[in-house]
Amino acid sequence: MSYLNFDFMHLFIMFLRDAESIHPEMFGLGSFGEAELLLHGFDRVGDVDDYCLYEKDYQAIYFRSSAALSLKCYFYKGEPQGLGISVAPGVRLITLLKHLFSQQPRDWRERLKFYFYEDEDEGAVIVDSVTVIRFGADTGRSAYHVRELESDQKEGGAAISVGTVIRTMVSYDFSVWDRRSSSLALSQLFELLNNIH
């Protein structure tokens with residue numbers, strides 16, 4: 001596993017603002033090209049003549065500890081289709097949102113749309129209609145942990161990430177939230193959003 005010399009929070013904010021601003025040098029690469037990825041130990045998953053991705057595990061600084069993540073580079077018939085980041089359990093959604101809101105609370109809150117599967121154990125946040133933060137709770141008493149960062153920011157992108165969330169999950173309106181029928185994780189998320197001014 002390779003270690004990154006920057007903080008996960010920095011990577012998170014960069015990804016939300018503009019996923020294409022993430023440069024290969026940040027991961028010790030000369031480019032995000034297929035040959036370069038293979039040279040640096042990325043695993044290929046899928047058919048190189050169709051859809052495939054290259055992925056590699058990294059560790060990033062996360063407060064006084066570290067966060068395990070996997071960088072994913074997507075390709076379609078040899079053409080780059082953008083980046084994604086999988087995150088190992090341990091990075092709480094609430095912590096990342098608090099950091100985000102500390103910069104421009106009103107601005108960010110209006111740019112987030114929440115979606116959940118029916119059981120509310122897993123969901124996604126769509127940011128600016130182009131970036132997806134997928135999250136889940138391991139148990140009803142657990143906090144939500146970030147699972148994936150995905151983006152449709154690539155010029156000419158087909159909005160696959162956002163479209164999948166909208167087709168498979170239900171939009172959530174916190175103005176009609178019922179605390180009695182909600183999990184602890186959902187209650188914590190509501191409290192955070194309700195206290196943003």
Side-chain angles (χ1 to χ4, degrees), residues 1-17 19 22 26-28 37 41-46 53-74 82-103 108 112-127 130-152 160-162 164-165 168-170 172 174 177 179 181-193 195-196:
M1 184 171 306
S2 299
Y3 289 86
L4 302 172
N5 61 1
F6 55 83
D7 190 283
F8 179 78
M9 287 291 198
H10 175 71
L11 179 64
F12 173 71
I13 296 297
M14 282 185 72
F15 198 92
L16 290 189
R17 288 192 173 145
I22 296 174
M26 295 173 66
F27 294 89
L37 297 172
F42 278 70
D43 294 323
R44 182 174 58 217
V45 179
L53 71 90
Y54 295 83
E55 61 184 347
K56 183 176 179 180
D57 294 337
Y58 290 89
Q59 288 282 125
I61 300 163
Y62 184 63
F63 294 107
R64 294 184 181 170
S65 185
S66 63
L69 59 96
S70 180
L71 176 66
K72 297 181 176 188
C73 302
Y74 297 94
L83 303 175
I85 298 171
S86 292
V87 185
V91 177
R92 290 181 177 214
L93 177 65
I94 294 276
T95 303
L96 293 182
L97 292 178
K98 282 181 181 176
H99 181 73
L100 191 64
F101 293 153
S102 71
Q103 298 179 5
W108 280 110
L112 306 178
K113 303 292 182 220
F114 289 84
Y115 290 78
F116 288 88
Y117 287 116
E118 194 171 301
D119 62 6
E120 298 173 351
D121 286 342
E122 293 183 44
V125 184
I126 297 178
V127 184
V130 294
T131 302
V132 173
I133 306 167
R134 290 183 180 270
F135 57 86
D138 297 330
T139 68
R141 296 189 305 258
S142 176
Y144 290 123
H145 288 218
V146 174
R147 304 277 194 248
E148 302 272 343
L149 302 175
E150 304 169 350
S151 180
D152 291 327
I160 294 170
S161 297
V162 170
T164 300
V165 168
T168 61
M169 297 184 192
V170 177
Y172 200 88
F174 281 97
W177 176 72
R179 167 177 256 151
S181 63
S182 298
S183 66
L184 177 59
L186 190 59
S187 298
Q188 291 172 343
L189 182 57
F190 172 78
E191 292 298 328
L192 172 68
L193 296 174
N195 291 320
I196 297 302

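- Atom CD1 of Ile133 is separated from atom CG of Leu112 by 7.0 Å, given to the nearest 0.5 angstrom.
- Atoms OG1 and CD, on Thr168 and Glu118 in that order, are 12.5 Å from each other to the nearest 0.5 Å.
- Not counting sequence neighbours, the partners of Tyr54 by the ring-ring contact (aromatic ring centres under 6.0 Å, His included) test are Phe75.
- Listed by chain and number, the residues in a ring-ring contact (aromatic ring centres under 6.0 Å, His included) with Phe12 amount to none (sequence neighbours excluded).
- Nearest heavy atom pair, residue Ile160 against residue Asp152, reads N-OD1, 3.3 Å.
- For Ala137 against Ser142, the heavy-atom pair with the smallest separation is CB-O, 3.9 Å.
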Determine, stepwise, if the pair Val132 / Val162 fulfils side chain to side chain contact (heavy atoms under 4.5 Å, CB included). CA-CA 6 Å; Val132 173; Val162 170; 3.9 Å; yes
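- Residues passing the side-chain hydrogen bond (donor to acceptor under 3.5 Å, both in side chains) test with Glu148, sequence neighbours excluded: Ser86.
- Listed by chain and residue number, nothing satisfies the side-chain hydrogen bond (donor to acceptor under 3.5 Å, both in side chains) test with Glu122 (two or more places apart in sequence, or in another chain).
- For Asp119, the side chain to side chain contact (heavy atoms under 4.5 Å, CB included) criterion is met by Tyr117, Asp121, not counting sequence neighbours.
- Remark: Arg147 engages Asp138 in a side-chain hydrogen bond (donor to acceptor under 3.5 Å, both in side chains) (not counting sequence neighbours).
- Listed by chain and number, the residues in a ring-ring contact (aromatic ring centres under 6.0 Å, His included) with Tyr115 amount to none (sequence neighbours excluded).
- The aromatic rings of Phe116 and Tyr144 are tilted relative to each other, their planes meeting at an angle between 30° and 60°.
- The distance from the CZ atom of Arg134 to the OG1 atom of Thr164 is 6.5 Å, given to the nearest 0.5 Å.
- Taken to the nearest 0.5 Å, the CD1 atom of Ile126 stands 10.0 Å off from the OG1 atom of Thr131.
- Here the CZ-CD1 distance, from Phe6 to Ile61, works out to 9.0 Å after rounding to the nearest 0.5 Å.
- The structure places CZ of Phe42 at 9.5 Å from CG of Asp57, a figure rounded to the nearest 0.5 Å.
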Review item, side-chain donor-acceptor pairs of residues 89-99, under 3.5 Å, at least two apart:
none

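- Listed by chain and residue number, nothing satisfies the side chain to side chain contact (heavy atoms under 4.5 Å, CB included) test with Val170 (two or more places apart in sequence, or in another chain).
- Residues forming a side chain to side chain contact (heavy atoms under 4.5 Å, CB included) with Ser2 (at least two apart in sequence, or on another chain): Lys56, Tyr58.
- With sequence neighbours excluded, the residues satisfying side chain to side chain contact (heavy atoms under 4.5 Å, CB included) with Ile22 are Leu11, Met14, Phe15, Met26, Phe27, Leu83.
- Residues satisfying the ring-ring contact (aromatic ring centres under 6.0 Å, His included) criterion with Phe114, sequence neighbours excluded, are Phe174.
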